[in-house]
Structure formats: structure tokens, C-alpha cells
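See structure below.
We name chains A, B, ... by the order of the sequence lines, and we start the count at 1 in each one.
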Amino acid sequence: MAAKPTIPQGTRDFDALTVRRRKHILQTIEQVFMKYGYMPLETPSMEYLQTLTGKYGDEGDQLLFKILNSGDYLKKLKEFQDQAAGHDELDQTYLPSMNGKVNALDSKLTLPFIAEKGLRYDLTVPFARYVVMNRNEITFPFKRYQMQPVWRADRPQKGRYREFWQCDADVIGSKSLINEAELIKMYDEAFCYLNIPVSIRINNRKLLAALATKINAPDKFIPLTVALDKLDKTGESGLIIDLEKAGFNPTQTTLVLEFLSISKSESVLTVLKSFFAEVPEGLTGVNELEEIFSYTNLLTTKNLVSIDVTLARGLTYYTGAIVEVVANAGSFKPSIGGGGRYDNLTGIFGLPDVSGVGISFGLDRIYDVMEDLNLFPINLRKKETQLLFCHFDEATRIHALSLCAKARNNNIAAEVYPDVTKKIAKQLEYADKNQIRYAVIIGSNEMESGNYVRKDLSNGTQVALSAEEIYTNI
RNA sequence: GUGGUUUUAGCUCAGUUGGUUAGAGCGCCUGAUUGUGGUUCAGGAGGUCGCCGGUUCGAGCCCGGUAUUCCACCCCA
């Protein structure tokens, strides 16, 4: 026997039950998206690396799955090396991005020559690319939803996969903060339908940028946000160590801690205003949060929506409001959704001054949480096979086929046992294993008399029925 | 990318200090029941012990490598 086949690390097969449950989640989310006026969109699983790189930070770029070029993928590299061989110093106009000769063993420098495509890392960047590509056909504000798999070359562990699905809704070309409020409401609604208790945290990147300005370290914005984001894990003492490692001085650290203490006060927004009295960007951020909150009060959510000034989120393209949803019950409480406003994403692709805002649901983690909390509805297979036709020979099988066709014409999901076998037990077992409730047993007597036996496998009772009665009263 | 962990029958897992023919439960197949599943009883099949290499008279067990599982970092849905 050949070695058993396997699937790549971090990927999974889904059996019938799992697929049904995943579809249940997808349909629930889709229903909310549609109710709020979002239109569907699908994009290819692969994009040019040029489109993908530089949008997710250095860490993100490393997690991109690259696709090897087709054909002789080393050809371009060989040609380049041949041309470079004639020059001591590489002609910068020839390949400005390359500095010096490419060593065939250097993965990073070699990559552009052997791979030009990659699997998408999220749905937001492909969406921005789509909007810029189709800017002349699109009516702004443009609202779309997208539910497709994405890929990340991450180390898998619980709730972390290399292939997983995201469900995104985005509005592009509208600066109104009503969008933010509605998207938050959509989170609330979807998780209510799914019965998952969640806490929704919001923040504004402008506050974090303003903090960096206020402590005189605008160049250290990223390390600052990374340290803040980890606060709930590291605690305040861990934060102080992290800040010190990142090169912040004690005065700066003290200001950061002061900023943190604000989040604990009753009137966060008021205190934030005085804290950022001299930083315009900070004031803008506070005002935006205030405005969003005035709308969410209007829209009333069932789950708690709170301001968390430590919320940072990794994706570098966010510039305004940011939001994160965390499961709030059970032993497994991962982040199951996140989003925010991005002012410059389309600008990178050549369409400036078009702001976008969106949210994302993590299907796979939502699934894991629902499994953990035992939240899946029991009856997810209503529309599946109700009737199995059992038979004994070629003649009764053909007869069964015509009866089955009638049942199907009447919108009853029905099957004929495909193989000819004298063993009725085997056919009933098939029905039992596949949770098919009714079995119609067709022998030569039944075929001739037109009187059929229908067995209800749920209780073992049998009734004699006419051809039409078989598929009625199910 | 760093550190740890897991892998034995279709599934879940035992397997002692390195020693004859590697076990259990469930599942599967056959029969009791030549036209009745889910219950019961009787019998049976199924394993190059993840893969490659090494040590040894001898390896499921020890050593190296590799893949994979799960976990902690990192980061994130």
C-alpha cells in the first residue's frame, strides 16, 4: 500500500455536518449584510504580489503565500544574472529595486524573479484593488460584502489556520461616521442571531497617533501600538518593560501610563479631550468616537460596545476608527472579528481621497466558539433526503426510479438505492446511517398491486400507501 | 521565524528495563434473520508502530533528520 495521503499543514477537510454548520454561519452573516444594503463581490484567490505586499506590515508580508511562476521559473533569474555578470556595479535604471547582483541563494532578492503572484491575505486589500480598477463603473458610496477564504503562512494552533474564511462588509467613498455605527450594529445583530455573547471594543488610530506625537515619538508609532495592544496579556508591568525595550524614556512611559489610566475613568471622552488639548489629531479622534457613540446609542446594541484606548490592531492600513469583537463566554475567547477605517488604501493603487471603512467576521473562529459553547442548531438538514426507495432486482429498481422521480417533482428529496442487491437490510442500514427517515420497500408484489410499504425508521412502523401517498404526509 | 509537544488498526487510545507472534474498546465484514435498520448473540478481517537514516545480536521503545498535531512566543480572524 502506498503511503497514506495527507493535506498540508493548517488546512482541513470538512465533513457533511461541519459544512452544514459553516453554511449556517455564512448564511446568517450574509442575511445581515444584505439587510444593510451591501452587494456581493468575489475576487480571485490570487493577486499580484505587488498588490499584496506592503499593506500588512513586515510581519504580514512574511506570512504571504507566494505562487511559483509557471514554466521555467528560473529563466528570468538566469537572464538577470547573465546581464549582471557584465557589470561590476548594477545599472540602477535596469532594476532599481535590486541593489547589486542577485545571489541565487538569497531567497529575498530572488523572490521577485521566481514569483509574481500570491494568495490573498485578507479581503480588504483585494477589494480596494477592485474599486480602483473599476472606479469608472462604480457608484460611490460603494457598499459590498465578500465571503471567501484567505491564506496566511502562519504557524497553526487553536483558532489559527493557514486557510480560513473571512466575511467582510465595506463601504468605500463615504466619510460619514454613520457607516462606522452601522457596521458596529451589524456585528451586534449577527452575533445575536448566532447566539454568541460578544464584547465589541472600539478605538481610533488617531488617538494612538496623537499619543505618539504628545510623547514626542511620532517615529515610534508602531512599537507603541504593539506594546499597548499587548497590555491585556502583559499587564502594566509588562508594558513598562516593553516600552523600555522599544527605547522609550521614563518621561514618555509616564505619559503613556497616564493615557491608560484615562480608560478607567467614567467619562473617558471628556478626560481624553483635556489630555489631548494641544494635539489636534487627538481631539479629532475623540470627536469621532463621540459621534460614533451618539449614533450607536441611536441604533441600540444588545452586546456591550466599549471604548478601549489600548486597542491597536495590527494591519497598518487603518487610519481612523478601529473595532474588534471578542467572544465573551466559554473557555475559548478569541478575537472573532475586526475592522476599521482606512483613508489611504485606494490611494496606494492610484485613487486618492477615497476613504473606506469595513468589518470582517472570522468564520472559522466563530465556528470554534460555537462548538465550544454548543450553540449549533440541531436540525440543520431539513431539506435533505427524506425518502429512500429500496428494491430487489432490475425490474423493481426501474420501478423505484419512476416513483422517485415523482417524489422529486413534488419537491421531496428522495433517493433510489443505486446498486441491485437482494439484501434489504443493507439498504435500510444505508437509510439509517444517512438519517433518511422513510424507506419505501418495493418488491414484485408491491410493483404489481400499486400498494407500497413505507417504513418510518424513526419508530419502526410501516404503512401501506398508494404511489401518490408515498411522498405526501412526510 | 523561536521553543516545547504529539504521531501505534477505519476511530479513540494502551504497550513495563530494548527481547518470541504489538493489544483493548468502538467501528467494519459474515452469519443467526434466503424481504426489514438502529438492540442482542456467534465468528472474522484489518497494523511496513508517520517517514528516512543510525546505534544494537535484537528497536514501537534509544539517537539524528524530516513531516504532522497541539501549545507557548511572535503576530493575528
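Taking a centre distance below 5.5 Å and an interplanar angle below 30 degrees as the stacking criterion, A/F392 does not stack against the six-membered base ring of B/rG35.
For A/Q9 and B/rU69, the shortest distance from a side-chain N or O to OP1 or OP2 is below 4.0 Å.
Taking CD1 of A/I7 as the start and CD of A/E163 as the end, the distance is 9.0 Å to the nearest 0.5 Å.
Nucleotides B/rG65 and B/rG15, compared at atom C1', are 26 Å apart to the nearest Å. When the C1' atom is used for both B/rC28 and B/rG4, the distance is 38 Å, rounded to whole Å. Look at the C1' atom in both B/rA32 and B/rU48: the space between them is 38 Å, to the nearest Å. With both ends at atom C1', the span from B/rG18 to B/rC13 equals 23 Å, rounded to whole Å. Rounded to a whole angstrom, the distance from the C1' atom of B/rG10 to that of B/rG27 is 7 Å. B/rC51 and B/rU8 are spaced 10 Å apart, taking the P atom of each and rounding to whole Å. The C1' atoms of B/rU16 and B/rA77 are separated by 46 Å, rounded to the nearest whole Å. Across B/rA72 and B/rG54, the matching C1' atoms stand 32 Å from one another, rounded to whole Å.
Looking at heavy-atom distances under 4.0 Å, A/T461 makes no contact with the nucleic acid at all. Heavy atoms of A/S335 sit under 4.0 angstrom from primed sugar atoms or phosphate atoms, though from no base atom. Residue A/E324 is out of contact with every strand shown, counting any heavy-atom pair closer than 4.0 Å. At the heavy-atom level, A/Q427 lies nowhere under 4.0 Å from the strands shown.
For RNA chain B, if you chain together Watson-Crick or G-U pairs that step i with j, i+1 with j-1 and so on, the runs of at least three with distances under 3.5 Å are B:1-4 with B:70-73, B:10-13 with B:23-26, B:28-32 with B:40-44, B:50-54 with B:62-66.
For A/I424, the listed nucleotide lying nearest its side chain is B/rU36; candidates were B/rC76, B/rU36, B/rC73. Of the candidate nucleotides B/rA77, B/rU36, B/rC74, B/rA77 has the atom lying nearest to any side-chain atom of A/Q166. Closest to the side chain of A/K423, from the set B/rG35, B/rC76, B/rG31, is B/rG31. Taking the side chain of A/D154 as heavy atoms from C-beta on, and the options B/rC75, B/rG37, B/rG35, the nearest nucleotide is B/rC75. Residue A/D432 has its side chain nearest to B/rG38 when only B/rC74, B/rU69, B/rG38 are considered.
Taking the ring centre of A/Y417 as origin, the terminal cationic atom of A/R397 falls outside the region bounded by 6.0 Å and 45° from the ring axis. With a 6.0 Å cutoff to the six-membered ring centre and a 45° limit on the axis angle, A/R454 counts as a cation-pi contact of A/Y438.
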Handout entry: A/Y145 vs A/Y38, ring pair (Phe, Tyr, Trp, His ring centres under 6.0 Å): CA-CA, chis, key distance, verdict
Key = CA-CA 6 Å; A/Y145 72 86; A/Y38 290 79; 7.8 Å; no
Handout entry: Steps toward ring pair (Phe, Tyr, Trp, His ring centres under 6.0 Å) verdict (A/Y187, A/F361)
Key = CA-CA 8 Å; A/Y187 264 142; A/F361 290 78; 4.9 Å; yes
Exercise for the section: Go through the steps to decide whether A/F376 and A/Y367 satisfy the test ring pair (Phe, Tyr, Trp, His ring centres under 6.0 Å), and finish with yes or no. Expected result: CA-CA 9 Å; A/F376 286 111; A/Y367 184 98; 4.9 Å; yes
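The CG-C1' distance, from A/D13 to B/rG10, rounds to 15 Å in whole Å.
The base of B/rG37 has none of its N or O atoms less than 3.5 Å from a complementary donor or acceptor on the side chain of A/K433. No donor-acceptor contact under 3.5 Å links the side chain of A/Q435 to the base of B/rG38. The base of B/rU36 is not paired with the side chain of A/E429 by any donor and acceptor separated by under 3.5 Å. In this model, no side-chain donor or acceptor of A/R155 finds a partner on the base of B/rC73 within 3.5 Å. Between the side chain of A/K422 and the base of B/rU34 there is no donor-acceptor pair of N/O atoms closer than 3.5 Å.
Among A/T396, A/L401, A/I470, A/I441, the single residue meeting the side-chain contact (heavy atoms from CB on, under 4.5 Å) criterion with A/F389 is A/I470.
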